[in-house]
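This report refers to the structure that appears directly beneath it.
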Amino acid sequence: MPELPEVETMRRGIVAIVGSRIQGVWAPRSRFRPITVSPPLSRLRRRVAGRAITAVGRAGKRLLVELDSGDRLVIEPRMTGRVLLAGQGIVPILATGTVPIFAKPGTDRRLVGDCPPEVDRAHLRLVIELSGGPATRLVFWDSRGLGVVRLLSAGESARELGPERLGPDALEISAEELKERLHKSRRAIKVALLDQRAVAGVGNLYASEILHRARLHPTTPCNRLRPGDWIRVHAQVQGVLRQAIELQGSTLSDGTYRTAENQPGGFQDWLRVYHRTGEPCLQCGKARIVRIVQAQRSTFFCPACQRPRSNK
DNA sequence: CCCCAGTCCTGCGGGC
DNA sequence: TGCCCGCAGGACTGGG
């Protein structure tokens with residue numbers, strides 16, 4: 001599930017398209033529902049055709065492809081979306097379930113590299129044709145199809161990515177601002193960290209990891225946190241996300257997330273609580289990891305290392 | 001302000 | 001062995 005580290009890794013993986021020009025955009029035919037694109041593809045295509053890419057940025061869990069027209073493409077991978085680059089004469093073919101494979105055009109089933117026998121393009125959602133750079137295509141792949149691609153004018157950007165909808169990026173936010181934005185809330189700290197309007201980029205996996213390392217019980221109401229708690233939460237927000245970026249994100253056993261170079265991430269080997277229900281805590285070695293549900297999402301924590309706040 | 005349930009979607013794993 | 005069901009959750013919406 002792409003959160004900030006995975007999206008940042010994707011951004012770094014495609015940043016070489018800066019300077020390229022968009023030649024066309026198309027959505028491959030598929031047995032699945034078409035990708036959610038706005039404006040509709042025909043209009044989007046007219047607005048981006050011939051434009052040069054001036055930057056590739058990121059806001060929280062969204063990828064931002066800036067164009068010389070002042071418009072920007074916003075790519076939201078959500079649960080299973082991925083971006084890939086295809087080079088000269090190479091098109092991505094996608095193996096069922098997991099791994100994208102690269103093949104020479106016109107040879108659909110003669111694949112380059114290892115590949116399971118069943119190959120399809122069903123989850124290929126959007127292809128952006130490029131010229132003048134190292135890649136000829138930017139490809140958006142998404143198995144569940146919850147991902148979204150939007151073209152926003154400068155004005156729309158201000159609204160859609162503005163402070164009403166998106167808080168400061170989790171890598172940029174200061175300890176003071178994080179505390180200021182949350183400390184009056186009665187919400188559980190775990191739930192609050194997932195609120196993209198408060199701070200952008202933390203998702204379900206990293207929220208559990210952050211709180212375990214900060215030694216804070218996930219159900220603690222924000223307004224019960226002490227100054228030292230905020231310091232630790234902030235330090236771990238940054239520490240965990242930075243380490244995860246260094247390791248190119250987390251590829252869980254479902255294998256869905258891959259870098260733009262089609263490599264798995266490495267942070268899954270450093271997870272201390274996520275998906276480790278019943279296993280011994282790696283911190284204390286005594287207690288076993290517990291799973292609870294908060295706001296309809298799984299939370300994992302160590303009952304010994306993350307004690308609930310006693311009164312006051 | 002906050003919370004909850006529902007929605008979108010597909011792949012997978014458990015249970016029978 | 002096959003089938004059904006529920007689960008996974010990011011972002012959003014509508015109702016309380």
Side-chain angles (χ1 to χ4, degrees), chain A residues 1-8 10 27-28 30-38 58-63 74-83 94-100 116 118-126 140-150 152 159-162 164-167 169-170 180-209 218-224 249-258 268 271 273-278 291-300:
Chain A
M1 66 208 79
E3 304 181 23
L4 186 151
E6 288 76 23
V7 177
E8 175 62 18
M10 292 179 196
S30 158
R31 62 190 164 98
F32 299 124
R33 175 188 140 284
I35 184 180
T36 304
V37 181
S38 82
R58 181 187 57 73
K61 305 173 191 175
R62 293 150 206 223
L63 271 174
V74 180
I75 302 174
E76 291 187 42
R78 304 234 176 145
M79 286 298 290
T80 52
R82 291 148 65 177
V83 291
L94 295 135
T96 313
T98 51
V99 189
E118 321 77 14
V119 169
D120 68 36
R121 305 176 184 230
H123 302 97
L124 242 183
R125 304 286 178 166
L126 201 67
F140 184 64
W141 182 95
D142 187 0
S143 96
R144 286 187 205 163
L146 297 177
V148 171
V149 174
R150 289 179 295 171
L152 302 181
R159 233 175 308 121
E160 298 291 320
L161 304 174
E164 299 273 304
R165 293 199 172 241
L166 220 51
D169 196 82
E180 191 50 42
R181 285 173 162 264
L182 295 177
H183 77 103
K184 288 177 186 160
S185 169
R186 289 187 298 239
R187 281 190 293 178
I189 179 66
K190 157 68 167 27
V191 177
L193 284 175
L194 298 181
D195 183 351
Q196 302 300 299
R197 289 167 302 185
V199 51
V202 179
N204 202 48
L205 183 154
Y206 292 104
S208 283
E209 294 299 315
T219 65
T220 315
C222 290
N223 62 6
R224 302 285 289 275
S250 302
T251 299
L252 302 179
S253 54
D254 68 6
T256 305
Y257 162 74
R258 296 270 171 155
Q268 66 279 0
L271 297 177
V273 290
Y274 191 79
H275 275 188
R276 295 192 67 248
T277 310
R291 172 184 176 270
I292 59 173
V293 174
Q294 294 180 277
Q296 286 116 259
R297 289 156 196 207
S298 297
T299 300
F300 302 87

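Residue numbers start from 1 in every chain, and the chains themselves are labelled A, B, ... in the order their sequence lines are given, proteins ahead of strands.
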Checklist entry - Base, sugar-phosphate, or nothing for A:Y274, non-hydrogen atoms under 4.0 angstrom? => result sugar-phosphate

Next on the checklist: What verdict does the side chain to side chain contact (heavy atoms under 4.5 Å, CB included) test give for A:E209 and A:V273, after you've listed the backbone C-alpha separation in whole Å, the side-chain angles of each residue and the deciding distance to 0.1 Å?
Outcome noted: CA-CA 6 Å; A:E209 294 299 315; A:V273 290; 3.3 Å; yes

Checklist outcome for this item: What one should report as the nearest heavy-atom pair of A:P5 and A:G249 is CB-CA, 4.5 Å

Checklist entry - Would A:R144 and A:T80 count as having a side-chain donor-acceptor pair, cut-off 3.5 Å? => result no

Item to check | Nearest-Å distance for atom pair CZ/C1', residues A:F300 and C:dA8 | outcome: 10 Å

Item to check | Cationic N near anionic O, under 4.0 Å, A:R58 to A:D169 | outcome: yes

Item to check | Per-nucleotide protein contact string for nucleotides 11-16 of chain C, where B marks a base within reach and S marks sugar-phosphate only (heavy atoms under 4.0 Å, - for neither) | outcome: BS----

Find every protein N or O atom lying less than 3.5 Å from an N or O atom of nucleotides 4-7 of chain C, and list the pairs.
none

Checklist entry - Given A:V199 and A:R181, is the side chain to side chain contact (heavy atoms under 4.5 Å, CB included) satisfied, shown in steps? => result CA-CA 8 Å; A:V199 51; A:R181 285 173 162 264; 5.9 Å; no

Item to check | Under-4.0 Å salt bridge between A:E76 and A:R62 | outcome: yes

Item to check | Pairwise side-chain contact, A:L271 with A:L205, heavy-atom cut-off 4.5 Å (strictly under) | outcome: yes

Next on the checklist: Distance check needed: C:dG9 P versus A:Y257 OH, whole Å only.
Outcome noted: 18 Å

Item to check | Rounded distance (Å) that lies between atom C1' of C:dG9 and atom CG of A:L146 | outcome: 8 Å

Between the protein and nucleotides 3-5 of chain B, list the N/O to N/O atom pairs that are separated by less than 3.5 angstrom.
{"from": "B:dA5", "atom 1": "OP2", "to": "A:Q296", "atom 2": "OE1", "distance (Å)": "3.3"}
{"from": "B:dA5", "atom 1": "N7", "to": "A:Q296", "atom 2": "NE2", "distance (Å)": "3.1"}

Checklist entry - NE2 of A:H275 versus P of B:dG13: gap in Å, rounded? => result 12 Å

Item to check | side-chain contact (heavy atoms from CB on, under 4.5 Å) partners for A:A27, two or more places apart | outcome: A:L41, A:L126

Item to check | A:V149 and A:F140: CA distance, side-chain angles, deciding distance, side chain to side chain contact (heavy atoms under 4.5 Å, CB included) verdict | outcome: CA-CA 9 Å; A:V149 174; A:F140 184 64; 4.3 Å; yes

Checklist entry - Roughly, in whole Å, what's the span from CG in A:N204 to P in C:dA8? => result 9 Å

Next on the checklist: Could you work out, with side-chain contact (heavy atoms from CB on, under 4.5 Å) as the rule, every residue matching A:P2, not counting sequence neighbours?
Outcome noted: A:E6, A:V7, A:M10, A:P77

Item to check | Set of ring-ring contact (aromatic ring centres under 6.0 Å, His included) partners for A:F300, sequence neighbours left out | outcome: A:Y274, A:H275

Item to check | Length of the CZ-P vector between A:R181 and B:dC1, whole Å | outcome: 12 Å

Checklist entry - Atom CZ of A:F32 to atom P of B:dC8: distance rounded to whole Å? => result 16 Å

